[in-house]
Number of protein chains: 2
Amino acid sequence: MNEENALSVFSVLSNATRLRILKALVTAGDKGLLAGEIATAVDATPSRASFHLSSMAETGLISSERQSRQIIYSANYERIGELVKYLLEDCCQNSPAVLSCCDIPKAK
Amino acid sequence: MNEENALSVFSVLSNATRLRILKALVTAGDKGLLAGEIATAVDATPSRASFHLSSMAETGLISSERQSRQIIYSANYERIGELVKYLLEDCCQNSPAVLSCCDIPKAK
DNA sequence: ACTATATTTCAATTATTGTTGAAATAAAAG
DNA sequence: CTTTTATTTCAACAATAATTGAAATATAGT
């Protein structure tokens, strides 16, 4: 992940609707959730949810697959991991101060 | 860190100038950097740097201390750590898939 | 007090994002 | 081939955020 990617992922995560969508999808696990279920879960209109879902998909944070009339979205765990890695390594150069604050064992 | 805090930290990190300021401050370490040095480092006007610095300070990501005529800013490692923790635990419920993607050993 | 330096604040402007509801698209069923 | 359901797209508008440069504040030196 480069700086440009990280900026757009941070931007995606800086909106309450989108952050909640991500949480809902992570909670749902690999089976994912339908677009309509997501809209209901985060209390958004279908068009608003769709708008946010597409920006999330654009950054690689989630992906989608059509299943007949519906669309299943699911979280991309790797992408979230990459963001954490970017934060720890690129932004913070594995600063021990940061690592200890987030309960990450120092063995790398 | 709660959702509201996380949203504002993500928002702070979603701007290139601010992300670079954070990197510069983390790189500078505990001694920090003067406001003017930061502006130069990230190629911003003093007023633009000051504007961004204050939103960063508001979210707790950095802190400042006046030293005679100048102001020294430094990164708050703990706050960054809290954000990573929020991402891993609250957003991702310590999903092993996420942890393995960011090279974090599984021992918790 | 006066001047110089470092930084912040403010108001005006511009740019970017988010919301809404209506129309469009896609797929399935009658 | 018309209707129904699920979702997306679009255009208009509203809300937020960023940039600029000038003025204000704070501190130190003369």
Side-chain angles (χ1 to χ4, degrees), chain A residues 3-25 28 31-76, chain B residues 3-25 28 31-76:
Chain A
E3 181 183 274
E4 196 189 341
N5 298 151
L7 285 169
S8 41
V9 176
F10 284 133
S11 172
V12 154
L13 297 176
S14 69
N15 172 281
T17 301
R18 290 187 298 254
L19 189 58
R20 284 173 196 157
I21 288 175
L22 183 68
K23 282 185 199 177
L25 288 176
K31 64 184 194 314
L33 289 175
L34 302 177
E37 294 176 319
I38 296 170
T40 305
V42 305
D43 190 36
T45 62
S47 100
R48 209 170 121 228
S50 172
F51 167 80
H52 288 302
L53 284 166
S54 55
S55 62
M56 295 177 78
E58 233 170 44
T59 64
L61 223 36
I62 64 176
S63 38
S64 67
E65 198 190 347
R66 177 176 282 275
Q67 182 155 93
S68 92
R69 260 188 300 204
Q70 354 207 21
I71 297 187
I72 302 181
Y73 283 93
S74 49
N76 283 168
Chain B
E3 182 183 275
E4 195 188 342
N5 298 151
L7 286 169
S8 41
V9 175
F10 284 133
S11 172
V12 154
L13 297 176
S14 68
N15 172 281
T17 301
R18 289 187 299 251
L19 189 58
R20 285 173 194 156
I21 287 175
L22 184 67
K23 283 186 199 175
L25 288 176
K31 63 185 194 313
L33 290 174
L34 302 178
E37 293 176 320
I38 296 170
T40 305
V42 305
D43 191 37
T45 61
S47 100
R48 208 170 121 229
S50 171
F51 167 79
H52 288 303
L53 285 165
S54 56
S55 62
M56 296 177 77
E58 233 169 43
T59 65
L61 224 35
I62 65 176
S63 39
S64 66
E65 197 189 349
R66 179 176 280 274
Q67 182 155 95
S68 90
R69 260 187 300 205
Q70 352 206 21
I71 296 188
I72 301 180
Y73 283 93
S74 48
N76 282 167

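A, B, ... follow the sequence lines: proteins, then strands. Residue 1 opens every chain.
- With contacts defined as side-chain heavy-atom distances shorter than 4.5 Å, the pair A/Ser74/A/Lys31 does not qualify.
- Between A/Ile21 and A/Leu53 the shortest side-chain heavy-atom distance falls below 4.5 Å.
- Computed from coordinates, the B/Arg18 CZ to D/dA17 P distance equals 9 Å when rounded to whole Å.
- In this structure, B/Asn15 does not reach the D/dA17 phosphate: none of its side-chain N or O atoms is under 4.0 Å from OP1 or OP2.
- For A/Ser68, the listed nucleotide lying nearest its side chain is C/dA28; candidates were C/dT19, C/dT8, C/dA28.
- For A/Arg18 (side chain) and A/His52 (main-chain N/O), no donor-acceptor pair under 3.5 Å exists by modelled atom type.
- For A/Gln67 and C/dA26, the CD to P distance is 18 Å, given to the nearest whole Å.
- Note: CG (A/Leu33) to P (D/dA6) measures 15 Å, nearest angstrom.
- Taking only side-chain nitrogens and oxygens, B/Arg66 never comes nearer than 4.0 Å to OP1 or OP2 of C/dA6.
- One finds no side-chain N or O of B/Tyr73 lying less than 4.0 angstrom from the OP1 or OP2 phosphate oxygen of C/dA6.
- Minimum atom distance to the side chain of B/Gln70 is reached by C/dA6, of the listed C/dA6, C/dT8, D/dT20.
- Residue A/Arg69 has its side chain nearest to C/dA27 when only C/dA27, D/dA28, C/dG18 are considered.
- Taking the side chain of B/His52 as heavy atoms from C-beta on, and the options D/dT19, D/dT7, C/dT8, the nearest nucleotide is D/dT19.
- One interatomic measurement links the two molecules: CD1 of B/Ile38 to P of C/dT7, which rounds to 9 Å at whole-angstrom precision.
- To the nearest angstrom, C1' of D/dA6 lies 13 Å from CD1 of A/Ile72.
- For the atom pair CD1 (A/Ile72) and CD (A/Glu65), the distance works out to 6.0 Å, reported to the nearest 0.5 Å.
- For A/Ile71 and C/dA28, the CD1 to P distance is 12 Å, given to the nearest whole Å.
- Checking D/dT9, D/dT20, D/dT19 against every side-chain atom of A/Ser47, the shortest atom distance belongs to D/dT9.
- A donor-acceptor contact shorter than 3.5 Å links the side chain of A/Glu37 to the backbone of A/Leu34.
- The A/Phe51 side chain lies nearest to C/dG18 when the options are C/dG18, C/dT8, D/dA18.
- Rounded to an integer number of Å, the gap from A/Leu53 CG to D/dT9 P is 11 Å.
- Taking atom CZ on A/Phe10 and atom C1' on D/dA17, their separation rounds to 18 Å, with Å as the unit.
- Distances were taken from every side-chain heavy atom of B/Ala35 (C-beta onward) to each of D/dT9, C/dT19, C/dT8; the shortest belongs to C/dT8.
- Residue A/Arg48 places no side-chain N or O under 4.0 Å from the OP1 or OP2 atom of D/dT8.
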